[in-house]
Amino acid sequence: MVHQRKVALEGSAQLELVSGVVQLRPEDAMFDAMLRGWRAQQKSRGLKDDTIDPRERLIRRFLEFANDYPWQWTPAHMDEWSVSLTSERHLAPSTIRSYQGTVRLFSEFLIDGRYGWGPACEEAFGTFPVAVCHEWNTIAHLNDYEGDPEAKPFTREQLQLFLDYADDQVERALRAKRKGALAAYRDATLFKVIYGWGLRRTETSKLDVVDFGRNPQARQFGRYGTLNVRYGKAKKGQPPRRRNVLSVMDWAVEAVADYVENVRPRFGFPDHPALWITERGGRLRPGSINDRFEAYRDALGLPKELVPHSLRHSYVTHLTEDGVDRRFIQQQVGHESDSSLAIYTHVSDDFMNTSLHKALAPAFAGVR
């Protein structure tokens, strides 16, 4: 009688392998059982299919590259694969590290004695899985941020020129009595919000009107004293991270307050929750932010290296130059470590040691 042996641990070999069945291709059957077991193990930890599916596809690609089964993999396979990702596919270090991490997770699952894959492979094939990822053949995670180093911040002069130009587009549309004045006003305000609160592009596009709130320690900002960012950058396999960003620039508060109270209602969709809505009543998408940004940047002849993310870089850099406490800035932008903040800023080491920075560092120390 065909039966399935079960144990309590999700993903174990005994739970996934069917005894009493002769497999025409036992190697493929074992590999498929391993993937089913790994999926079950990840499911038991609460991971979603949109996290598990890409991992499984990557393991299949690694299998194809190695041209061997997991119980035959060695560190040399990882060495060769990593070289190909770097020299042939020219992938970013952060992408390569993510790929290596996936193989490491799968390998660690297979060699974990609780799941029984080692003995099952040794019984069937005379060998067993071993660890293939080590410190010497994988990229260490040194920083939270490994983005494109060409995404430079604005200088203060460039920023002023860009924001002034965005405001000018509103005036031009109004004088010409043409459509687009509302959208131009919306986008001018949006760029000020990205810079004024140090936001990412996607975080900005997903803001709702109700995300602004009061800060009892900054009553002068009224209902715009804090900003609840609900869709912060997520860690792999986890939901978006929330954070509260305190308002620090009075001119940015004035700009968003004017937009919310006097301009946004003219779009004609009072029940729509989004802060940034289109003339057709939809939510503004990140791609549209890119398009408008690039149009303004190119019209001004500014460097191509400036992208929407440069506004966030500028927020960090300018606050640092103004002597704001680094820990406060770190919390504002949602970084977990100060080392990532150091990469995010573009001020000199000499500046970081100036008496101005030391004198003003306590300014926001008590703000939480």
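Between Lys48 and Asp50, no side-chain nitrogen of the basic residue sits less than 4.0 Å from a carboxylate oxygen of the acidic one, so the salt-bridge criterion is not met. The existence of a salt bridge linking Glu261 and Arg223 is excluded, since no basic side-chain nitrogen approaches an acidic carboxylate oxygen closer than 4.0 Å. Ion pairing of Arg60 with Glu56 is present here, as a side-chain N (NZ or NE/NH1/NH2) and a carboxylate O approach within less than 4.0 Å. The pair Arg156-Asp322 meets the salt-bridge criterion, since a charged nitrogen lies less than 4.0 angstrom from a carboxylate oxygen.
Legend: residues meeting side chain to side chain contact (heavy atoms under 4.5 Å, CB included) with Pro70, ordered by chain and number and at least two apart, are Phe31, Met34, Leu63, Trp73, Phe106, Leu110. In terms of the ring-ring contact (aromatic ring centres under 6.0 Å, His included) criterion, Phe128 has no residue partners (sequence neighbours excluded). The ring-ring contact (aromatic ring centres under 6.0 Å, His included) search around Phe269 returns none, not counting sequence neighbours.
In terms of heavy atoms, Leu207 sits closest to Trp276 at CD1-NE1, 4.2 Å. Here the closest non-hydrogen pair linking Trp117 and Glu16 is CH2-CB, 4.0 Å. Ala124 and Met30 get closest at one heavy-atom pair: CB-CE, 4.2 Å. The heavy-atom pair separating Asp208 from Arg283 by the smallest distance is OD1-NH2, 2.8 Å. A pairwise comparison of heavy atoms in Ile329 and Leu319 identifies CD1-CB, 3.7 Å as the closest pair. Listed here is the closest heavy atom pair of Thr204 and Leu190: CG2-CG, 3.9 Å.
In the hydrophobic cluster analysis, where Ile, Leu, Val, Met, Phe, Trp and Tyr join through side-chain heavy atoms closer than 4.5 angstrom, Val260 is grouped together with Val263. A continuous path of ILVMFWY side-chain contacts below 4.5 Å connects Tyr315 to Trp251, so both sit in one hydrophobic cluster. Leu15 and Ile111 are members of different hydrophobic clusters when ILVMFWY side chains are connected at heavy-atom separations under 4.5 Å. The hydrophobic cluster containing Leu300 also contains Leu159, counting ILVMFWY residues as joined when their side-chain heavy atoms lie under 4.5 angstrom apart, directly or transitively. Linking Ile, Leu, Val, Met, Phe, Trp and Tyr whenever their side-chain heavy atoms come within less than 4.5 Å puts Leu174 and Leu163 in one cluster.
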task = Give the intermediate values and the outcome of salt bridge (charged side-chain N to carboxylate O under 4.0 Å, His left out) for residues Lys192 and Asp167.
result = CA-CA 10 Å; Lys192 294 170 186 175; Asp167 287 338; 2.9 Å; yes
**Intermediate values then yes/no, side-chain contact (heavy atoms from CB on, under 4.5 Å), Asp112 and Glu108** = CA-CA 6 Å; Asp112 190 325; Glu108 290 175 347; over 6 Å; no
Q) So Asp187 and Gln169, side-chain contact (heavy atoms from CB on, under 4.5 Å) or not? Walk me through it. A) CA-CA 10 Å; Asp187 293 341; Gln169 302 318 297; over 6 Å; no
_Evaluation steps, side-chain contact (heavy atoms from CB on, under 4.5 Å), between Val132 and His77_ = CA-CA 8 Å; Val132 299; His77 287 112; 6.0 Å; no
Given the rule in the side-chain contact (heavy atoms from CB on, under 4.5 Å) test, do Thr278 and Arg285 qualify, once you have shown the distances and angles that lead to the verdict? CA-CA 9 Å; Thr278 68; Arg285 297 184 178 275; over 6 Å; no
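A distance-only check finds no donor-acceptor pair linking the side chain of Thr138 to the backbone of Cys133 [under 3.5 Å]. Under the 3.5 Å distance criterion, the side-chain polar atoms of Arg186 are matched with a main-chain donor or acceptor of Ile277. With Arg201 contributing its side chain and Ile289 its backbone, the two residues share no donor-acceptor pair below 3.5 Å. The backbone N or O of Lys304 lies less than 3.5 Å from a partner atom in the side chain of Arg297, making a donor-acceptor pair. A distance-only check finds a donor-acceptor pair linking the side chain of Ser310 to the backbone of Lys152 [under 3.5 Å]. No donor-acceptor distance shorter than 3.5 angstrom exists from the side chain of Ser107 to the backbone of Val103, with no hydrogens or angles considered.
Leu246 has its side chain within reach of Phe328: a pair of non-hydrogen atoms, C-beta onward, lies under 4.5 Å apart. At a threshold of 4.5 Å between non-hydrogen side-chain atoms, the residues Val333 and Arg200 do not count as touching. In this structure, the side chains of Gln41 and Trp38 come closer than 4.5 Å at one or more pairs of heavy atoms. For the pair Val248/Gln332, a side-chain contact is recorded, criterion being any heavy-atom separation below 4.5 Å from C-beta on. The shortest distance between side-chain heavy atoms of Lys43 and Asp49 falls below 4.5 Å.
There is a side-chain donor-acceptor pair under 3.5 Å between Gln100 and Ser82. Gln160 and Asp164 share a donor-acceptor pair across their side chains, judged by distance under 3.5 Å alone.
The local environment of OH in Tyr231 is sparse, with at most 12 non-hydrogen atoms from other residues, nucleotides or ligands closer than 6.0 Å. Atom CZ of Arg280 has 12 or fewer heavy atoms from other residues, nucleotides or ligands within 6.0 Å. Environment of CD in Glu64: sparse, with no more than 12 heavy atoms of neighbouring residues, nucleotides or ligands closer than 6.0 Å.
Trp197 and Tyr224 have their aromatic ring centers separated by at least 6.0 angstrom. Under the 6.0 Å cut-off for aromatic ring centres, His318 and Tyr195 qualify, their centroids lying closer than that. Two rings, from Trp71 and Tyr69, have their centers less than 6.0 Å apart.
Within the model, atoms CE of Met78 and CZ of Phe65 stand 10.0 Å from one another, a figure rounded to the nearest 0.5 Å. With values rounded to the nearest 0.5 angstrom, Asp250 atom CG is found 5.5 Å from Phe221 atom CZ. Interatomic distance, CZ of Arg104 versus CG of Asn137, reported as 8.0 Å (0.5 Å rounding). Within the model, atoms CG of Asn228 and CZ of Arg243 stand 10.0 Å from one another, a figure rounded to the nearest 0.5 Å. Taking CG of Asn244 as the reference point, atom CG of Asp211 lies at 9.5 Å (rounded to 0.5 Å). Distance check: Arg312 CZ to Leu199 CG gives 7.5 Å after rounding to the nearest 0.5 Å.
Classified by interplanar angle (parallel below 30°, tilted 30° to 60°, perpendicular above 60°), the ring pair His313/His309 is perpendicular.
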